[in-house]
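Because only heavy atoms are used, hydrogens play no part in the values below, and waters and symmetry mates are left out as well, while side chains stay in. Since this is a predicted model, take the numbers as computed values, not measurements.
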Amino acid sequence: MSYFMYGVAVWIFLWGLYGIVTSKNLVHQCICITIVQSSTYILLLGIGFRTGGTAPFFADIAVGTPVVDPIVQSLMLTDVVVEATVMALLLAMVVKANELAGSIDPDDLAVIFG
Amino acid sequence: MTSPAGQWAALPVAIPLVAATIISFFGKYWGRRTTDTLAILAAAANLYFCSHIWLAVRHAPLVYWFGNWWPRGNMALGIGFVIGPIGATFAVLVSFLSVASLVFSWRIFEETEHTFQPLMLLFMGAMCGFCYTGDVFNLFVFFELMSATAFALCGLKTKEPAPLQGSFNFAITNTVGAFLILDGIALLYARTGALNMAQIGRSLQQAHPADALVLLSFLLISVGYMVKAAIVPFHFWLADAHAVAPTPVCVLFSGVMVELGLYAVARIFWTIYQFPLASHTREVRAIFVALGITTAIIGAVMCYQQHQLKRLLAFSTVSHAGLMLIAVGLLNAKALAGFALYAVGHGLVKGGLFLCAGIVLHRLQKIGENKLHGRGKGMVFTPALFILGAIGLAAVPPFLLLAGDANVSEAAKPFGLAWTEWIYMFAGAVTAAAVLRFTVRTFFAWGEPAPKDQASEIGELPETEEEHARVPAMLFVPAAVLIFSSMALLFIPQFRGVVDSAGEFFTDESAYQSAVIDGASIVLPPAPMGPMRESAEHNLIALFVAFVLALVTVFSRRLRYLESGFAPLRRLHSGHPGDYIAWLAMGTAVVGGCFVVWLR
């Protein structure tokens with residue numbers, strides 16, 4: 001089970017990177033960032049998962065009941081919040097780029113190089 | 001917790017957050033001057049508290065647990081700040097540069113009234129937290145906070161495409177770097193069940209030699225932070241971002257944000273991976289020093305080819321980041337103290353040079369070397385500052401960089417790496433020569449005008465409305481203060497002594513663990529200060545070479561190719577975020593391959 005989760009995380013991470021590298025569309029590129037990000041969720045959840053574990057709400061379960069790790073979930077939640085901000089910023093920049101250059105191709109955005 | 005500073009540990013993060021919130025809520029009702037004054041006051045208050053914390057921790061590190069969640073047994077329950085002298089020094093540098101940038105911005109940015117100051121304050125608070133924290137996930141959160149504000153600050157001038165490109169590339173590259181760090185942290189957590197660095201370190205103490213999982217987490221975290229530190233081949237975003245970011249923002253980017261990436265690499269190595277990698281220290285040193293040398297050389301070569309002043313300074317930062325990685329990579333207490341001294345000295349000098357670039361932009365409305373030829377004739381004090389800054393980059397007396405350089409070359413000798421001194425001389429000479437070349441062309445109109453250049457053709461949107469006849473004090477004074485304080489610090493032996501002895505604590509994992517988890521009080525013994533004479537002589541030679549190189553390039557027609565650069569290398573800096581990510585993936589694979597071969 002656990003090794004399968006790690007394999008999935010690596011697989012998604014690499015496809016996301018491939019998407020960013022080959023992308024010809026800024027919105028598509030942003031989506032690929034989200035794909036890379038979702039691989040980190042799978043890794044974190046895979047680490048915190050326990051077979052037969054229940055949700056980590058301790059109010060109404062007996063002491064000693066196996067639960068999944070709540071810490072990785074809070075790590076993930078933190079990451080979701082931060083990346084939502086970054087994604088909003090990136091998409092706002094894409095809108096602005098479309099207004100200025102009339103295009104969302106990274107080729108047209110690259111004005112400084114060399 | 002005897003001194004009041006023990007209670008103030010959270011203030012350098014809290015003050016900027018509160019002030020930023022107030023300014024962004026009420027900024028639109030208040031005038032520009034009110035928000036400016038508030039922001040400067042908040043940054044000055046931060047500087048005050050950071051300095052107090054520095055004074056409190058200079059001989060004994062401070063551990064602060066939020067909400068008094070003390071550790072129980074070997075387990076850290078809460079989140080803690082572990083403030084050592086080196087982290088505290090970086091926090092003071094952050095606040096000092098922020099005050100200078102905010103004062104500088106008093107006279108510029110007429111249109112972006114209500115977003116600039118809150119973002120600057122958030123950026124400052126995030127960096128202070130980054131310097132102080134002792135928790136590996138907290139370090140990541142502050143890293144993300146400072147990255148997100150940095151992306152926004154970089155793309156503040158959205159009236160032309162170039163800032164969008166710079167900010168977009170910056171954001172994509174650094175976000176992928178952040179995911180690498182997060183994956184590394186997740187693996188560490190999977191192994192140790194801990195997020196506190198001291199606790200992770202303690203539970204990995206027996207994991208020796210390091211297994212594949214520990215090595216992989218080290219690879220991911222160190223590469224992620226090296227993206228921030230602009231180490232070749234992860235450096236591409238830096239030049240794009242610095243060339244277009246507003247000048248006061250560049251001061252913080254180049255002056256301290258890049259250095260903090262290296263601080264984090266050193267932090268995680270010494271607190272977490274020191275014991276697991278103990279039998280492979282030599283190989284880790286070889287990998288880091290090799291990366292540092294590559295970065296220093298490529299950065300210097302690229303720097304000399306640039307004719308857009310801010311991009312030139314950006315590549316100079318890449319080069320110096322390489323030098324600082326050599327210092328970190330020597331994996332030695334003395335070299336680490338050298339890194340801190342060099343980083344502070346470099347941050348002040350480079351911050352001052354960026355503010356000088358801002359003065360040029362304000363006064364002459366251009367930033368390309370070819371368009372500025374002779375336009376600055378008659379200006380006296382600005383070229384003087386440029387020349388002083390160039391001298392500082394070569395790390396000659398009386399600049400603080402010399403103390404760092406001396407420490408590093410002293411520490412390199414036992415490892416048979418004394419020749420890294422040549423890399424320091426080369427990078428110092430070339431980056432100094434590039435600034436000198438710009439200075440003599442712009443302000444003295446010597447020689448031929450500079451050749452055209454893709455980046456210098458981009459008309460940077462001026463930060464102020466019209467061409468100004470004189471340089472206002474609000475612009476000149478911060479630049480001068482930064483450069484002169486880099487000189488003054490060399491003559492305060494207490495400062496150098498504190499940082500020197502701090503290197504010992506930073507690299508002593510057992511002392512760190514007992515301070516954090518067992519609550520032991522540690523007193524830092526004074527360290528003997530090494531001689532600087534030898535490095536001073538070497539760097540004076542480098543400075544002489546820099547003057548010759550600058551004059552030769554400016555006057556000789558036959559040697560013009562020196563500044564037109566190496567075309568294949570230039571083409572690699574393509575401006576495409578996709579290419580940058582490809583380089584990032586390749587660099588990670590190469591460093592990972594070295595790990596597999598040498599660190600098994």
Side-chain angles (χ1 to χ4, degrees), chain A residues 2 6 9-10 13-14 16-24 26 29-30 32-34 36-41 43-48 69 71-72 74-76 78-79 81-83 85-90 92-101 103 106-114, chain B residues 137 140-141 144-145 147-148 151-152 155 158-169 171-172 174-176 178-180 182-183 185-187 189-190 193 195 239-240 243-244 305-306 308 311 453-455 457-458 565 567 569-582 584-585:
Chain A
S2 57
Y6 297 142
V10 172
F13 193 96
L14 292 180
L17 277 191
Y18 174 80
I20 301 174
V21 171
T22 56
S23 181
K24 284 285 166 201
L26 292 176
Q29 211 158 24
C30 294
C32 291
I33 286 269
T34 317
V36 176
Q37 187 197 6
S38 48
S39 81
T40 63
Y41 301 160
L43 180 70
L44 283 167
L45 292 181
I47 285 167
D69 191 340
I71 291 196
V72 287
S74 56
L75 300 190
M76 208 187 87
T78 315
D79 190 45
V81 173
V82 176
E83 289 312 322
T85 318
V86 172
M87 194 50 57
L89 194 64
L90 280 173
M93 282 192 261
V94 175
V95 171
K96 207 75 189 170
N98 191 35
E99 279 173 18
L100 287 174
S103 152
D107 285 342
D108 300 328
L109 196 62
V111 287
I112 288 196
F113 50 84
Chain B
F137 189 70
F140 170 76
V141 171
E144 284 280 49
L145 179 59
S147 299
F151 306 153
T158 49
K159 288 195 177 164
E160 54 178 346
L164 285 173
Q165 177 210 352
S167 180
F168 198 84
N169 293 355
I172 297 250
N174 278 263
T175 306
V176 173
F179 293 142
L180 294 181
L182 182 64
D183 283 345
I185 292 172
L187 295 181
Y189 179 77
L195 290 170
D240 293 358
V244 295
Q305 311 173 354
Q306 300 303 321
Q308 204 256 33
R311 198 168 159 86
D453 188 83
Q454 168 62 28
E457 286 306 300
I458 300 299
L569 187 59
R570 295 191 79 133
R571 271 199 297 276
L572 292 183
H573 296 74
S574 61
H576 284 258
D579 295 355
Y580 296 177
I581 296 298
L584 199 164

To the nearest 0.5 angstrom, please state how far the [atom1] atom of [X] sits from the [atom2] atom of [Y].
| X | Y | atom1 | atom2 | value |
| --- | --- | --- | --- | --- |
| B:Leu182 | A:Thr40 | CG | OG1 | 5.0 Å |
| A:Leu90 | B:Thr175 | CG | OG1 | 6.0 Å |
| B:Ile581 | A:Ser23 | CD1 | OG | 11.5 Å |

Portion of [X] that has a non-hydrogen atom of chain B nearer than 4.5 angstrom:
| X | value |
| --- | --- |
| A:Leu43 | side chain |
| A:Cys30 | side chain |
| A:Asp69 | side chain |
| A:Leu100 | side chain |
| A:Ala101 | neither |
| A:Glu99 | neither |
| A:Leu26 | both |

Legend entry - Region of B:Gln305 that comes under 4.5 Å of a non-hydrogen atom in chain A: neither
Legend entry - Sole residue of A:Thr78, A:Asp79, A:Thr85 in side chain to side chain contact (heavy atoms under 4.5 Å, CB included) with B:Glu144: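 Answer after filtering A:Thr78, A:Asp79, A:Thr85: A:Asp79.
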Nearest atoms (heavy-atom pairs only) where [X] meets [Y]:
| X | Y | answer |
| --- | --- | --- |
| A:Gln37 | B:Phe179 | CB-CZ, 3.3 Å |
| B:Phe168 | A:Met93 | N-SD, 4.0 Å |
| B:Ala148 | A:Leu89 | O-CD2, 3.8 Å |

Does a side-chain heavy-atom distance below 4.5 Å link [X] with [Y]?
| X | Y | answer |
| --- | --- | --- |
| A:Leu44 | B:Tyr189 | no |
| A:Ile33 | B:Ile172 | yes |
| A:Phe13 | B:Leu180 | yes |

Inset, instruction - For B:His576, check ring-ring contact (aromatic ring centres under 6.0 Å, His included) against everything at least two apart and list the hits. - result: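 Scan of B:His576 (ring-ring contact (aromatic ring centres under 6.0 Å, His included), adjacent residues dropped) gives none.
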Legend entry - chain A contacts, top residue of B:Ala585, B:Ala171, B:Pro577, B:Gly155 (heavy-atom pairs, under 4.5 Å): B:Pro577
